[in-house]
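What follows is a set of notes on a single structure, which appears directly below.
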There are 2 protein chains.
Amino acid sequence: MKSDSEIDWRSVCPISSALDVLGDKWSLLIIRDLIVHGPRTYSELLKSPEHISTNILAARLDLLVGLKLIQRVNPQASQRNNAFQLTESGTELRPILIALGGWAQVHLKHFHADILGINTPNHSKKSTQ
Amino acid sequence: MKSDSEIDWRSVCPISSALDVLGDKWSLLIIRDLIVHGPRTYSELLKSPEHISTNILAARLDLLVGLKLIQRVNPQASQRNNAFQLTESGTELRPILIALGGWAQVHLKHFHADILGINTPNHSKKSTQ
DNA sequence: CCGCATCCGTTACGATACTG
DNA sequence: CAGTATCGTAACGGATGCGG
């Protein structure tokens with residue numbers, strides 16, 4: 001019932017507009033999962049260590065689909081086991097997320113001792129999300 | 001009374017950690033203003049076209065100061081007319097914000113017709129925030 | 001005036017239970 | 001498995017007040 005992509009754009013500034021879409025606690029994390037793992041189902045996304053709740057995940061997926069940052073792997077098929085993947089728009093956020101992660105490793109480690117460091121091993125598998 | 005930088009880190013992932021700090025509607029917008037204009041006072045920040053409210057601005061400034069992304073220009077002086085500026089940590093978000101703006105210009109223009117385009121003039125002054 | 005703090009209504013989020 | 005319904009909590013947003 002909520003397949004609307006109604007965003008209220010706060011201004012014409014591109015940075016502000018990007019944040020109107022992505023400036024919340026979850027959207028970029030979903031995109032991160034799709035960047036790291038490739039296509040992922042609803043239940044796989046739920047298993048990420050940050051523990052998004054089911055209603056929020058469903059709402060964000062709707063929004064990101066509406067904005068064409070992600071899409072179903074098989075648009076015609078049933079929703080069951082039908083993973084989500086990045087569109088080209090979504091994929092192009094990859095360098096930005098990488099940069100954001102690099103920034104955090106350098107500038108947040110003093111406030112978050114356990115943050116994964118630059119040379120922490122196993123950086124692209126399940127245990128290091 | 002709220003000078004606490006208590007963040008609850010959702011995971012050890014650097015990207016997630018960056019979003020624990022910056023993943024809200026306002027923090028990166030404040031940082032954008034300081035990148036674009038240089039040092040800015042509380043009331044100048046209030047005048048940005050996205051219209052943050054006073055209590056939210058005060059809370060976010062506290063948080064960003066606590067995380068050392070911004071600081072007062074003159075730490076000893078009174079708060080009156082004492083602008084905020086970026087620290088080095090904050091300044092290093094600049095390329096990320098630029099990239100985010102570039103991404104938005106390309107990938108959101110279909111959803112937000114009025115978004116400032118790449119060759120929109122007057123891109124660094126007051127009227128184009 | 002400027003830099004907030006407080007109050008309070010509204011909206012977003014979050015956990016859990018439940019349904020097709 | 002992929003969500004929706006419900007309901008409590010936290011964040012936001014506007015108005016206003018108050019000290020310096």
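Every chain is numbered from 1 and lettered A, B, ... according to where its sequence line falls, protein lines coming before strand lines. All values below come from the heavy atoms of this structure, side chains included, with hydrogens, waters and symmetry mates left out.
- Position along DNA chain D of the nearest nucleotide to Asp24(B) versus Leu61(A) favours Leu61(A) as the more 5'-ward residue.
- Here Trp26(B) does not reach the OP1 or OP2 of dA11(D): none of its side-chain N or O atoms lies under 4.0 Å away.
- In this model, the phosphate group of dC2(C) is not approached by any side-chain N or O of Gln79(B) to a distance below 4.0 Å at OP1 or OP2.
- Under the side chain to side chain contact (heavy atoms under 4.5 Å, CB included) criterion, Pro95(A) pairs with no residue at all, not counting sequence neighbours.
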Q: List the steps, then state whether side-chain contact (heavy atoms from CB on, under 4.5 Å) holds for Leu22(B) with Trp103(A).
A: CA-CA 12 Å; Leu22(B) 303 169; Trp103(A) 176 88; 3.9 Å; yes

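- When all heavy atoms of Ala104(A) and Ala18(B) are compared, the pair lying nearest together is CB-CB, 3.8 Å.
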Q: Give the B/S/- string for nucleotides 15-20 of chain C, one per nucleotide from 5' to 3', where a protein heavy atom under 4.0 Å of the base yields B, of only the sugar-phosphate yields S, and otherwise -.
A: BBB---

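- You'll find that the side chain of Tyr42(B) is closest to dC4(C), out of dG14(C), dC1(D), dC4(C).
- Every residue meeting the side chain to side chain contact (heavy atoms under 4.5 Å, CB included) condition with Ala77(A), not counting sequence neighbours, appears here in chain and number order: Asn74(A), Asn82(A).
- Taking atom CD1 of Ile56(B) as the reference point, atom P of dA15(D) lies 14 Å away to the nearest angstrom.
- If you take CG of Leu57(A) and P of dA12(C), they are 18 Å apart, rounded to a whole angstrom.
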Return all side-chain donor-acceptor pairs below 3.5 angstrom for residues 86-94 of chain A, not counting sequence neighbours, or 'none' if the list is empty.
residue	atom	partner	partner atom	Å
Thr87(A)	OG1	Lys68(A)	O	2.5
Thr87(A)	OG1	Leu69(A)	O	3.1
Thr87(A)	OG1	Ser89(A)	N	3.3
Thr87(A)	OG1	Gly90(A)	N	3.3
Ser89(A)	OG	His107(B)	ND1	2.8
Thr91(A)	OG1	Thr87(A)	O	2.8
Glu92(A)	OE1	His107(B)	NE2	2.7

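- In terms of the side chain to side chain donor-acceptor pair (under 3.5 Å) criterion, Asn81(A) has no residue partners (sequence neighbours excluded).
- For Gln85(B), the side chain to side chain contact (heavy atoms under 4.5 Å, CB included) partners at least two apart in sequence or on another chain are Pro39(B), Gln71(B), Val73(B).
- If you take CD of Glu44(B) and C1' of dC4(C), they are 16 Å apart, rounded to a whole angstrom.
- Sorted by first then second residue, the ring-ring contact (aromatic ring centres under 6.0 Å, His included) pairs that include residues 8-33 of chain A, not counting sequence neighbours, are Trp9(A)-His112(B).
- Rounded to whole Å, atom P of dC4(C) lies 11 Å from atom CG of Asn81(B).
- With axes fitted over five pairs at each extremity, the angle between the ends of the helix from dC1(C)-dG20(D) to dG20(C)-dC1(D) is 30° (10° resolution).
- Atom P of nucleotide dA2(D) and atom CD1 of Ile70(A) are separated by 13 Å, given to the nearest angstrom.
- Straight-line distance from the NZ atom of Lys47(A) to the C1' atom of dA2(D): 12 Å, rounded to whole Å.
- Going from atom CD1 of Ile7(A) over to atom P of dA12(C) covers 11 Å, rounded to whole Å.
- Asp20(A) has its CG atom 13 Å from the P atom of dA12(C), to the nearest Å.
- Among the atoms of the strands shown, only primed sugar atoms or phosphate atoms (P, OP1, OP2) are found under 4.0 Å from some heavy atom of Thr41(B).
- A search for side chain to side chain donor-acceptor pair (under 3.5 Å) contacts involving Ser43(B) returns Thr41(B), not counting sequence neighbours.
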